[in-house]
2 protein chains.
Amino acid sequence: MRHKSFKANLCPVARSLDTIGEWWSLLIVRDALFGIRRFSDFQKSLGLAKNVLSARLKKLVACGIMEQVPASDGSAYQEYALTQKGRELLPVLVALREWGESYLFSRGEKRLQVLDKRTRKPLRRLEVQNAKGEILTANDLELVTVTN
Amino acid sequence: MRHKSFKANLCPVARSLDTIGEWWSLLIVRDALFGIRRFSDFQKSLGLAKNVLSARLKKLVACGIMEQVPASDGSAYQEYALTQKGRELLPVLVALREWGESYLFSRGEKRLQVLDKRTRKPLRRLEVQNAKGEILTANDLELVTVTN
DNA sequence: CAATTCTGGTTGCATGATGCAACCATTCAT
DNA sequence: ATGAATGGTTGCATCATGCAACCAGAATTG
């Protein structure tokens with residue numbers, strides 16, 4: 001059943017999910033952020049069906065999140081690289097990672113963690129803040145309709 | 001076709017998506033963060049099929065993201081409220097919102113924006129930072145396997 | 001109090017999404 | 001030249017989603 005479209009939705013969350021909310025899309029972006037570029041490498045890393053991978057990559061290219069570029073090894077193949085639009089999904093992936101780390105692993109359970117490459121230290125935790133840097137919860141927020 | 005399970009995945013992103021990556025789940029959490037509690041209000045706000053809403057709410061309760069509580073108006077009905085685990089999805093929703101605001105609306109197009117209720121000002125933008133507060137890109141990150 | 005409406009679901013079914021496996025054309029390596 | 005690697009496409013079965021109808025209990029209205 002075709003998903004309901006949020007393309008015309010006033011809410012940016014809904015529009016984001018319309019673009020990257022399908023099963024597998026964010027995992028493809030995650031892998032691309034960590035350097036995967038080849039069709040077969042995405043397929044091997046994720047273990048998804050090639051027909052679905054093909055469809056997802058096509059959509060990510062069509063949405064401007066990824067682009068196809070000549071292979072970096074000089075061969076005749078093409079690779080998939082994130083655009084700036086795609087790279088700016090990093091906070092989404094990091095937020096998902098932090099929530100998952102906090103709540104979806106048992107103590108002592110093996111997991112993949114992200115570190116700052118240079119310092120080998122964990123990242124500072126993402127916090128929702130106001131303009132002055134005060135940490136906010138959902139209760140501190142309101143929704144308004146704007147046209148900027 | 002049943003989605004591949006990421007329950008045993010070492011990556012927290014994959015585990016998060018296993019829990020909240022189904023179509024509609026994050027929009028339900030978004031609405032709950034902004035105060036919706038009743039089955040019919042979720043259904044009206046989102047416009048999704050009642051059978052899917054019912055299944056999603058059941059899963060969110062089973063995963064400990066939401067709980068069923070007596071209705072706040074004293075009637076015999078139940079409401080759905082986010083747990084702390086659910087409320088801590090706020091940065092995920094804010095990150096999705098920011099990306100969507102940046103890339104999925106045309107200039108001048110009407111949209112819903114989140115403001116700090118007290119100051120009426122937009123939020124500070126989420127940034128991926130290291131422990132010292134330096135802003136990082138994906139190129140500055142590495143993945144390691146840990147057991148903490 | 002009875003009738004009607006509201007609420008929170010459950011059920012049946014059709015369409016599209018995902019998973020699996022096979023197939024195929026081009027490119028690369030030996 | 002041959003076989004392997006690469007990047008897909010295709011066919012089909014199983015599940016996910018959307019739609020609409022149905023239903024039981026609670027609440028509201030006259």
Side-chain angles (χ1 to χ4, degrees), chain A residues 1-9 14 17-29 31-32 35-63 66-81, chain B residues 1-9 14 17-29 31-32 35-63 66-81:
Chain A
M1 201 65 215
R2 193 181 299 282
H3 294 146
K4 280 204 169 169
S5 172
F6 304 133
K7 278 210 188 46
N9 204 295
L17 293 172
D18 195 65
T19 303
I20 55 169
E22 285 169 316
W23 199 253
W24 293 115
S25 295
L26 278 172
L27 290 174
I28 292 169
V29 173
D31 280 3
I36 292 188
R37 297 168 69 86
R38 282 291 182 91
F39 186 97
S40 52
D41 292 334
F42 284 112
Q43 207 272 324
K44 269 180 253 159
S45 158
L46 295 163
L48 84 165
K50 288 198 277 187
N51 60 332
V52 177
L53 176 58
S54 177
R56 285 295 178 280
L57 288 170
K58 272 189 174 65
K59 182 169 176 181
L60 289 170
V61 168
C63 290
M66 292 183 109
E67 62 194 343
Q68 269 189 297
V69 297
S72 37
D73 63 5
S75 68
Y77 295 115
Q78 299 265 106
E79 290 177 347
Y80 292 89
Chain B
M1 199 67 216
R2 194 179 299 282
H3 294 146
K4 279 204 171 169
S5 171
F6 304 132
K7 275 205 194 26
N9 204 295
L17 293 171
D18 196 62
T19 302
I20 54 168
E22 286 168 315
W23 198 252
W24 293 115
S25 296
L26 277 171
L27 290 174
I28 292 169
V29 173
D31 280 2
I36 292 188
R37 297 167 70 87
R38 282 289 182 90
F39 185 98
S40 51
D41 292 335
F42 283 113
Q43 206 273 323
K44 268 180 255 160
S45 158
L46 295 164
L48 84 166
K50 288 196 277 185
N51 59 332
V52 177
L53 177 57
S54 177
R56 286 295 179 278
L57 289 170
K58 271 189 177 62
K59 182 169 178 183
L60 290 169
V61 168
C63 290
M66 291 183 110
E67 62 194 343
Q68 269 190 297
V69 297
S72 37
D73 63 5
S75 67
Y77 295 115
Q78 299 265 108
E79 290 176 347
Y80 292 90

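Within every chain, numbering begins at 1; the chains are lettered A, B, ... in the order of the sequence lines, protein sequences first and strands thereafter. Here the structure is a predicted model, which means the values were calculated and not measured.
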* Under 4.0 Å between any heavy atoms, over every strand shown, what does A/Ala49 touch: base, sugar-phosphate, or nothing? Just pick one. => base

* If you measure from CG on A/Leu17 to CH2 on B/Trp24, what distance do you get to the nearest 0.5 Å? -> 10.0 Å

* Structure fact -> 5'-most contact on DNA chain D (nearest-nucleotide basis), B/Gly47 vs A/Gln68, goes to A/Gln68

* **N/O donor-acceptor pair under 3.5 Å between A/Glu79 side chain and A/Gln68 backbone** => no

* Could you give the NZ-to-C1' distance, from A/Lys4 to C/dG16, as a whole number of Å? -> 15 Å

* Side-chain N,O (A/Ser75) to OP1/OP2 (C/dT27) below 4.0 Å -> no

* Can you check the B/Met1 CE to C/dG19 C1' distance for me, whole Å? -> 5 Å

* Using a cut-off of less than 4.0 Å, is there contact between a side-chain N or O of A/Trp24 and OP1 or OP2 of C/dA17? -> no

* Does the side chain of A/Met66 reach to within under 4.5 Å of the side chain of A/Leu57, using non-hydrogen atoms? -> yes

* Can you tell me how far P of C/dT7 sits from CZ of B/Phe39, to the nearest Å? -> 12 Å

* From the 5' end of DNA chain D to its 3' end, which nucleotides mark the outer limits of contact with chain A, defined by a 4.0 Å heavy-atom distance cut-off (strictly under)? -> D/dA5 to D/dC19

* Do B/Phe39 and B/Gln78 touch side chain to side chain, with heavy atoms closer than 4.5 Å? -> no

* Find the distance between CG (B/Leu27) and CG (A/Asp18) and round it off to the nearest 0.5 Å. => 10.0 Å

* Length of the line joining B/Arg37:CZ and C/dT7:P, which is rounded to integer Å -> 16 Å

* **Along DNA chain C (nearest heavy atom to each residue), the more 5'-positioned of B/Lys58 and A/Trp23** => B/Lys58

* Indicate whether OP1 or OP2 belonging to C/dG8 is found under 4.0 Å from a side-chain N or O atom of B/Arg38. => yes

* Whole-Å distance between C/dG9 C1' and B/Leu53 CG? -> 10 Å

* Structure fact -> Whole-Å distance, B/His3 NE2 to C/dG16 P, equals 16 Å

* Have a look at B/Phe42 and say if it touches a base, only the backbone sugar-phosphate, or nothing, with a 4.0 Å heavy-atom cut-off. => nothing

* First encountered from the 5' end of DNA chain D, between A/Ser54 and A/Tyr77 -> A/Tyr77

* What distance do B/Glu22 atom CD and B/Leu60 atom CG have between them, rounded to the nearest 0.5 Å? -> 8.5 Å

* To do: Starting from C1' on C/dG9, measure out to CG on B/Asp41 and report it in whole angstrom.
  => 15 Å

* With side chains defined as the heavy atoms from C-beta onward, is the minimum distance between A/Ile36 and A/Ile28 less than 4.5 Å? -> no

* Structure fact -> A/Asn51 atom CG is separated from C/dT18 atom C1', nearest whole Å, by 7 Å

* Asked: Taking only side-chain nitrogens and oxygens of B/Arg2, does any of them come within less than 4.0 Å of OP1 or OP2 of C/dG19?
  -> no

* Asked: How many angstroms lie between atom CG of B/Leu46 and atom CG of B/Asp41, to the nearest 0.5 angstrom?
  -> 10.5 Å

* Would you please confirm or rule out a distance under 4.0 Å between OP1 or OP2 of C/dA17 and any side-chain N or O of A/Arg56? => no

